Amino acid sequence: MSDKVFRLYDTLTRRVKPVDTIEPGHLRFYSCGPTVYSYAHIGNFRSFLTADLIVRTAKAIGWRVTWVSNITDVGHLTQDDVADASGEDKMERALKSKEGERFNNVWELAEYYTDAYRADWAQLNLSEPDIRPKATQHVREQIIATQELIDRGYAYETPTGVYFSVESFPSYGRLSGNTQENLKKAVRDVVLDDNKREQADFAVWKKDDRHLMQWFSPYGWGFPGWHIECSVMARAYLGDTIDLHSGGEDNIFPHHECEIAQSEALTGKPFSNHWTHTRFLQVNGEKMSKSLGNFYTVRMLIEKGADPLAIRYALIAGSYSSPLNFTDQGLKDAMANVERFRRAEAVTEEGIASARPGDDALGSILEDLYQQSLGAMLNDLNTSVALAKALEGARTIVREADALTESSSKSSKEFLAKINALLGIVRHDNPNIAKSLLVVEEEELDVTRIEALIVERTEAKLSKNYTRADEIRESLEAEGIELRDGPDGTQWVRKSGL
RNA sequence: GGUGCCGUGCCCAAGUGGCCCAAGGGGACGGUCUGCAAAACCGUUAUUCGCCGGUUCGAAUCCGGCCGGCACCUCCA
């Protein structure tokens, strides 16, 4: 525990305010996860990273965190709630697509993309949520909640499903500004459904005995509406009122607006005391979309040679509360920065091994920088400043390099460990998980041959045969191997494909 | 039409009333090192914050107008 204040923007009150926990020092946090009908893209991950950074920051000030992040493995409708429920389900559509051919059924498809999601998650060094519930594992509770909403007069059954009556919940629209009145003014074409009392009413349960995923309920065969899963799972794991709820900006409406309505209708208590939303990621100044060809997944970028931690860095380089422009150049920039942390770590290890006597020249400087970095994170997750302070620390360490005493090295090591716990950009917290899930197989390198060539080049240099030396350097360069001459000999590194 | 968000150097991006003649990263340029390069390290790189007015002792920061961009309005992180 500490007396530090963690401030975050709250979408509901539209201002930055301290995160208050109901139980002192214990954050109960729910973040919306993906629908697993395809690979999650880097825009999805930007929003998951916000959740990860919230958890890391809370832990850095000594809070206990119970973090629930769901997996939506029920397909929801791709179209508006059309009257006959014939709207195609996005998981069904994925199954019928070319990529879906290899799956026997939607369940396998969901499982495959869930695994892929978790692998990418580990690659980007996101910490593991305490609970990762699946919508399909909570259908029973969703049916019970649906019935309760009917019993309490907030929902009604029609020939096509069960709908939540927006009129019955007067504060509907408080989060998004889409009040019933404003929604009526909307001129957007909406598919009319005569079964609904009001156009703004939304589905809690859809009746459909042809749906690929269906369950039996008091209303016959069908499947749950999209919003009810989060209401139910948040309550099951975190209680009636939670401290904080997060998601992407597109979740504000309708998803979170509807969650609030359902949850508060069920419990009569506030659903979440704080709401945080991550703004969209743009790619090269444009909206990310498949048609524009700028739709990036984590594995695509790794295949292109991007360092997973650099992807992470690039995605958190800007504030979560503003749109971020993800560019190829930004990714390269991030790689250079991640490299600097690696260098600082290498220098630190050498310094400890050297056992050089002397004062700890860095301890207080680094502690100060860490505190500034933490302070920035506590101030509405100001990642730009937090990263700047972390980089300054890494630079400070690298600058000392050969002059690092053993005690300075130990301070450096502590600094890097704390920065990594806070920002996750120095190294993978759990390298084994990241490695075992590595999506791209490192192509085999003939290390013996490379090292033999380096020896040959060193000899050529000694005999002043620079033509041969440069020839070796250039041929290795062409293979993607970069040579770096230093006082202690020549090192080699793989060059990134970016 | 409704509801929100944004416009800072060549690029990305902090700062939202005085500590800012504006962090940090990349790039570019100069230097140290080096056979040369790469890497590393050091230094330089916005009297200025979309435009025009206003408020104020003081504005990138507040207010008004204009121009430009983005998101959501029941598939979407």
Side-chain angles (χ1 to χ4, degrees), chain A residues 11 14 31-35 37 40-51 75-81 87-90 93 166 173 176-179 181-188 190-191 199-203 225-227 246-255 257-258 277-282 285-289 313-314 317-319 321-327 329-337 339-340 343 347 376 382-392 395 398-399 401 461-462 464-466 469-470 473-474 477 482-487 490-491 493 495:
Chain A
T11 311
R14 294 184 174 75
S31 70
C32 276
T35 302
Y37 65 102
H41 54 67
I42 55 172
N44 298 118
F45 275 103
R46 167 143 125 116
S47 133
F48 307 148
L49 277 161
T50 301
H76 295 289
L77 300 181
T78 54
Q79 298 171 25
D80 199 329
D81 289 346
E88 205 177 10
D89 171 294
K90 57 187 160 181
R93 188 173 61 178
V166 166
S176 63
N178 287 332
T179 57
E181 200 175 277
N182 285 337
L183 283 171
K184 277 174 190 159
K185 282 190 223 153
V187 292
R188 201 168 182 273
V190 187
V191 180
Q199 208 40 65
D201 293 352
F202 57 90
W226 176 35
H227 318 301
S246 77
E249 64 171 312
D250 54 330
N251 280 155
I252 296 172
F253 191 87
H255 189 49
E257 194 72 72
C258 295
H277 295 94
T278 303
R279 295 287 162 192
F280 268 115
L281 184 75
Q282 298 195 305
E286 292 177 304
K287 181 178 174 162
M288 182 161 51
S289 75
Y313 191 110
S319 166
S321 58
S322 301
L324 177 71
N325 189 13
F326 185 92
T327 60
Q329 185 59 50
L331 188 54
K332 282 184 199 164
D333 294 356
M335 286 226 247
N337 290 326
E339 274 298 314
R340 186 189 285 180
R343 222 172 295 124
V347 162
N382 189 335
T383 44
S384 300
V385 169
L387 289 168
K389 296 301 171 189
L391 274 177
E392 207 175 318
R395 191 212 298 275
V398 172
R399 189 185 299 155
K461 278 169 67 179
L462 282 171
K464 301 214 190 301
N465 184 358
Y466 295 124
D470 290 349
R473 185 169 69 201
E474 277 153 28
E477 174 118 27
E482 188 180 293
L483 297 188
R484 292 178 184 174
D485 293 341
T490 301
Q491 304 283 316
V493 291
K495 273 177 53 180

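As a basis for the values below, the full set of heavy atoms in this structure was taken, side chains included, without hydrogen atoms, waters or symmetry mates. Remember, it's a predicted structure, so these values are computed and weren't measured experimentally. Letters A, B, ... are given to chains in the order of the sequence lines, protein chains preceding strands, and every chain is numbered from 1.
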Residue [X], side-chain heavy atoms: nucleotide from [options] that is nearest:
X        : options             : value
A:Leu281 : B:G26, B:A40, B:A77 : B:A77
A:Ala469 : B:C12, B:G35, B:C41 : B:G35
A:Asn44  : B:A77, B:C70, B:A13 : B:A77
A:Arg473 : B:C12, B:G4, B:G35  : B:G35
A:Leu391 : B:G24, B:A14, B:C12 : B:G24
A:Phe280 : B:G2, B:A71, B:C41  : B:A71
A:Pro323 : B:C5, B:G35, B:A71  : B:C5
A:Asp470 : B:A23, B:A77, B:C36 : B:C36
A:Arg484 : B:C72, B:C41, B:A38 : B:A38

Quick one: look up who [N] pairs with, Watson-Crick or G-U, both distances under 3.5 Å, and put none if it's unpaired.
N     : answer
B:C29 : B:G43
B:G9  : none
B:C49 : none
B:A71 : B:U3
B:C57 : B:G18
B:G35 : none

How far does the [atom1] atom of [N] sit from the matching atom of [M], given to the nearest Å?
N     : M     : atom1 : value
B:U55 : B:G64 : P     : 15 Å
B:C49 : B:A60 : P     : 7 Å
B:A37 : B:A46 : P     : 28 Å
B:C57 : B:C52 : C1'   : 24 Å
B:G54 : B:U61 : P     : 14 Å
B:G1  : B:G25 : P     : 45 Å
B:C11 : B:C67 : P     : 24 Å
B:G58 : B:G18 : P     : 14 Å

Phosphate oxygens OP1/OP2 of [N]: is one of them under 4.0 Å from a side-chain N or O of [X]?
X        : N     : result
A:Arg343 : B:A39 : no
A:Arg279 : B:A71 : no
A:Asn382 : B:G15 : yes

[X] [atom1] to [N] [atom2]: how many Å, rounded?
X        : N     : atom1 : atom2 : value
A:His255 : B:A77 : NE2   : P     : 9 Å
A:Leu324 : B:G7  : CG    : P     : 13 Å
A:Tyr466 : B:U34 : OH    : C1'   : 10 Å
A:Asn337 : B:A40 : CG    : C1'   : 15 Å
A:Arg395 : B:G43 : CZ    : P     : 8 Å
A:Phe326 : B:A13 : CZ    : P     : 12 Å
A:Gln329 : B:C12 : CD    : P     : 10 Å
A:Ile42  : B:A77 : CD1   : C1'   : 12 Å

**Q.** A:Ala200 vs A:Leu483, nearer the 5' end of RNA chain B by closest nucleotide
**A.**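 This one resolves to A:Leu483.
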Q | Side chain A:Asp333 and base B:G26 donor-acceptor under 3.5 Å | A |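 Check fails, no donor-acceptor contact within cut-off.
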Has the side chain of [X] got a donor or acceptor atom that lies under 3.5 Å from a matching backbone atom of [Y]?
X        : Y        : result
A:Ser384 : A:Ala317 : yes
A:Gln282 : A:Asn325 : no
A:Ser319 : A:Asn382 : no
A:Glu249 : A:Phe280 : yes
A:Ser47  : A:Gly43  : no

**Q.** Parallel, tilted or perpendicular, as decided by the 30° and 60° cut-offs, for the rings of A:Phe202 and A:His227
**A.**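 A:His227 vs A:Phe202 ring planes: perpendicular.
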NA contact type, [X], heavy-atom cut-off 4.0 Å: base, sugar-phosphate, or nothing?
X        : result
A:Gly318 : sugar-phosphate
A:Glu257 : nothing
A:Lys461 : base
A:Ala334 : nothing
A:Ser319 : sugar-phosphate
A:Arg399 : sugar-phosphate
A:Ser322 : nothing
A:Asn325 : sugar-phosphate

Q.
Can you tell me how far apart NE2 (A:His255) and OG (A:Ser176) are? Round to the nearest 0.5 Å.
A.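 The NE2 atom of A:His255 sits 13.5 Å away from the OG atom of A:Ser176.
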Q.
Quick one, A:Leu281 and A:Ile42 - any side-chain contact, counting heavy atoms below 4.5 Å?
A.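 Yes. Closest side-chain heavy atoms under 4.5 Å.
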Q) Which heavy atom of A:Ala469 sits nearest a heavy atom of A:Lys461, and at what distance? A)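 Closest approach of A:Ala469 to A:Lys461: CB-CG, 3.8 Å.
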